Amino acid sequence: MWTAWKPLPISNQPWRFFDLKELLQGGQSFRWIFEPATKAFTGGWAGFLSRLRVSPEGSLEASFPRGGKAHLAPTERALIQYLGYSEEQTELLENLPWRSDPILREAIEQFPRLRILQQPPEEALLSFLCSATKQIPQIQQGLWQLAQRFGQPLADGWNQLPRWEVLAGIPLPDLRDTGIGFRARHIAGTADFLKENPAYLSAIASLPYPEARTALLKLPGVGTKVADCTLLFGFQKWEAFPVDTWIAKTLQRLYGLHDWKLGQLETFGRVHFGSGAGLAQQFLFARMRQLS
DNA sequence: GTCCAGGTAGATC
DNA sequence: GATCTACATGGA
């Protein structure tokens, strides 16, 4: 069913379970399920499945579907890319202003293995359309239902997230049945829009951040926060600085930015943290949740 | 029971 | 433009 555990060559530093949990279930992807029996996470993206765990010796290990299901396994290289372990992110991290910003430095020290997961844009968009005023476990639950009902079967009871073309044909009441509540009409609206404009998302990939953001904001249910999450986690637009309730709280309490408007906080983030603002955002997000 | 959750859109001023 | 509120659902 699964290949033997094998270390992934992505860091010489030891991993803790805590590091892997924050990377896979820290609010970036909602497609990794923890299995207490094996202390491993199963999940993936697109048509790929993997299992990940931290060995007792502190190395990050992966295992893949095998046998007739081998095509469901990502290459080791693709998995490492998905996990955000690229030269590009290493450089962005190095260039963040942690030398002059003790709050950011502390956050990075607390979560040294954290990176931005590089997810398919379609999945990031769908995920964060489901995220409005929901807790992370509920987002995970809603996406699981969407996948099980409308997505392509993979293996081990796992389905792929549904493609937007498929979502466009599903009646609103059926979408509602997955428990995603009022977000169903946002999904339906965006699915219809993308059906009319099939190349819309792929065109966004080549746009600079400001134009890409403007384009995403035209989709129903996509506001500034969902747009920035999609741009950061799906399109690798590193200057995107999503401001949600946690980040707003962080900037108020730790940076003293009381009474700032959302738009002002977004601008502050991009200016203060620079070209890797989105990466900084993820460390601050993890840190604030840890403090609460 | 009440409050809140990785927000957005539409109404109202 | 800036502020106010409805929107579904589940968990604390």
Side-chain angles (χ1 to χ4, degrees), chain A residues 21-32 84 107 111 114-117 119 121 123-146 148-149 161 170-193 213-235 237 240-254 258-267 269-270 273 277-292:
Chain A
K21 180 174 171 53
E22 193 62 33
L23 183 64
L24 298 178
Q25 294 188 327
Q28 300 191 58
S29 167
F30 309 94
R31 296 293 289 158
W32 292 90
F111 300 91
L114 188 56
R115 299 292 185 275
I116 300 296
L117 297 179
Q119 307 173 58
E123 295 196 351
L125 176 59
L126 179 60
S127 298
F128 286 96
L129 270 173
C130 289
S131 73
T133 61
K134 256 174 137 40
Q135 298 181 114
I136 290 172
Q138 267 71 310
I139 302 168
Q140 182 173 301
Q141 182 67 21
L143 287 170
W144 178 265
Q145 287 299 325
L146 282 171
Q148 296 314 107
R149 295 195 185 210
L161 283 177
I170 296 168
L172 195 51
D174 293 353
L175 283 177
R176 273 264 161 80
D177 273 348
T178 59
I180 57 176
F182 65 83
R183 302 152 198 85
R185 64 185 164 81
H186 294 156
I187 307 273
T190 287
D192 290 342
F193 185 104
R213 188 175 196 247
T214 303
L216 274 179
L217 287 172
K218 296 194 192 307
L219 299 172
V222 177
T224 54
K225 193 271 178 183
V226 171
D228 279 331
C229 284
T230 304
L231 290 167
L232 178 61
F233 302 125
F235 286 103
K237 306 289 184 192
F241 187 81
V243 176
D244 72 318
T245 53
W246 290 100
I247 293 299
K249 204 182 300 182
T250 305
L251 296 179
Q252 285 161 15
R253 293 191 190 166
L254 302 184
H258 304 285
D259 301 320
W260 285 48
K261 312 296 177 206
L262 276 184
Q264 297 173 321
L265 293 175
E266 290 165 0
T267 304
R270 291 196 293 270
F273 298 112
L279 199 46
Q281 175 271 161
Q282 199 57 35
F283 285 95
L284 294 177
F285 180 82
R287 177 61 173 155
M288 191 40 121
R289 297 201 314 141
Q290 179 186 47
L291 290 174
S292 297

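None of these values were measured; they are calculated from a predicted model. In what follows, chains carry the letters A, B, and so on, assigned in the order in which the sequence lines appear, proteins first and then strands, with residues in each chain numbered from 1. The basis for the numbers below is simple: all heavy atoms, side chains too, and nothing from hydrogens, waters or symmetry mates.
Of the two residues contacting DNA chain C, namely Arg183(A) and Gln138(A), the nearest-nucleotide position lying further toward the 5' end is that of Arg183(A). Both Lys261(A) and Ile180(A) lie close to DNA chain C; mapped to their nearest nucleotides by heavy-atom distance, the more 5′-ward contact belongs to Lys261(A).
Annotation: side chain of Leu279(A) is not in contact with side chain of Leu232(A) (no heavy-atom distance under 4.5 Å).
With rounding to whole Å, Gln264(A) atom CD is found 11 Å from dA2(C) atom C1'. Atom CD of Gln140(A) and atom C1' of dG10(C) are 14 Å apart (whole Å). Residue Ile247(A) contributes atom CD1, which lies 12 Å from atom P of dG6(B) at whole-angstrom precision. If you measure from atom CG of Leu143(A) to atom P of dG6(B), you get 14 Å, rounded to the nearest angstrom. The interatomic distance linking Asp259(A) (CG) with dA2(C) (C1') rounds to 15 Å, in whole Å. Put simply, CG on Asp228(A) is 18 Å from P on dG6(B), counting in whole angstrom units. Whole-Å rounding puts the Leu175(A) CG to dT9(C) C1' distance at 16 Å. At whole-Å resolution of the value, CG in Leu232(A) and P in dG6(B) are 17 Å apart.
Contacts of residues 277-292 of chain A with DNA chain B (heavy atom under 4.0 Å): Gln281(A), Gln282(A), Phe285(A).
As rounded to the nearest Å, dG6(B) and dT5(C) have P atoms that lie 23 Å from one another. A gap of 22 Å separates the P atoms of dG10(C) and dT8(B), to the nearest Å.
With sequence neighbours left out, Pro171(A) forms a side-chain contact (heavy atoms from CB on, under 4.5 Å) with Pro173(A), Asp174(A). Shown here are the ring-ring contact (aromatic ring centres under 6.0 Å, His included) partners of Phe128(A), two or more places apart in sequence or in another chain: Phe30(A), Phe233(A). Partners of Gln25(A) by side-chain hydrogen bond (donor to acceptor under 3.5 Å, both in side chains), not counting sequence neighbours, listed by chain and number: Lys21(A).
Residue Pro137(A) is out of contact with every strand shown, counting any heavy-atom pair closer than 4.0 Å. Nucleic acid contact for Gly27(A): base, since at least one base atom lies under 4.0 Å from a heavy atom of the residue.
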(request) Classify every nucleotide of nucleotides 7-13 of chain B by which part a protein heavy atom approaches to under 4.0 Å, writing B for the base, S for the sugar-phosphate alone and - for neither, in 5'-to-3' order. (result) BSS----

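Among residues at least two apart or in separate chains, side chain to side chain donor-acceptor pair (under 3.5 Å) pairs with a member in residues 124-138 of chain A are Thr133(A)-Arg183(A). Pairs of residues two or more places apart, or lying in two chains, that qualify as side chain to side chain donor-acceptor pair (under 3.5 Å) and include a residue from residues 216-228 of chain A are Tyr209(A)-Asp228(A), Arg213(A)-Asp228(A), Thr224(A)-Glu266(A). Residue pairs that meet the salt bridge (Lys or Arg N to Asp or Glu O under 4.0 Å) test with at least one member in residues 243-252 of chain A, sequence neighbours left out, do not exist here.
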Kindly list each side-chain donor-acceptor pair under 3.5 angstrom involving residues 281-292 of chain A, sequence neighbours excluded, with atom names and distances?
residue: Gln281(A); atom: NE2; partner: Gly278(A); partner atom: O; Å: 3.2
residue: Gln282(A); atom: NE2; partner: Gly26(A); partner atom: O; Å: 3.4
residue: Arg287(A); atom: NH1; partner: Gln290(A); partner atom: OE1; Å: 2.7
residue: Gln290(A); atom: NE2; partner: Gln110(A); partner atom: OE1; Å: 3.0
residue: Ser292(A); atom: OG; partner: Met288(A); partner atom: O; Å: 3.0

(request) Check step by step if side-chain contact (heavy atoms from CB on, under 4.5 Å) holds for Leu125(A) and Leu219(A). (result) CA-CA 10 Å; Leu125(A) 176 59; Leu219(A) 299 172; 4.0 Å; yes

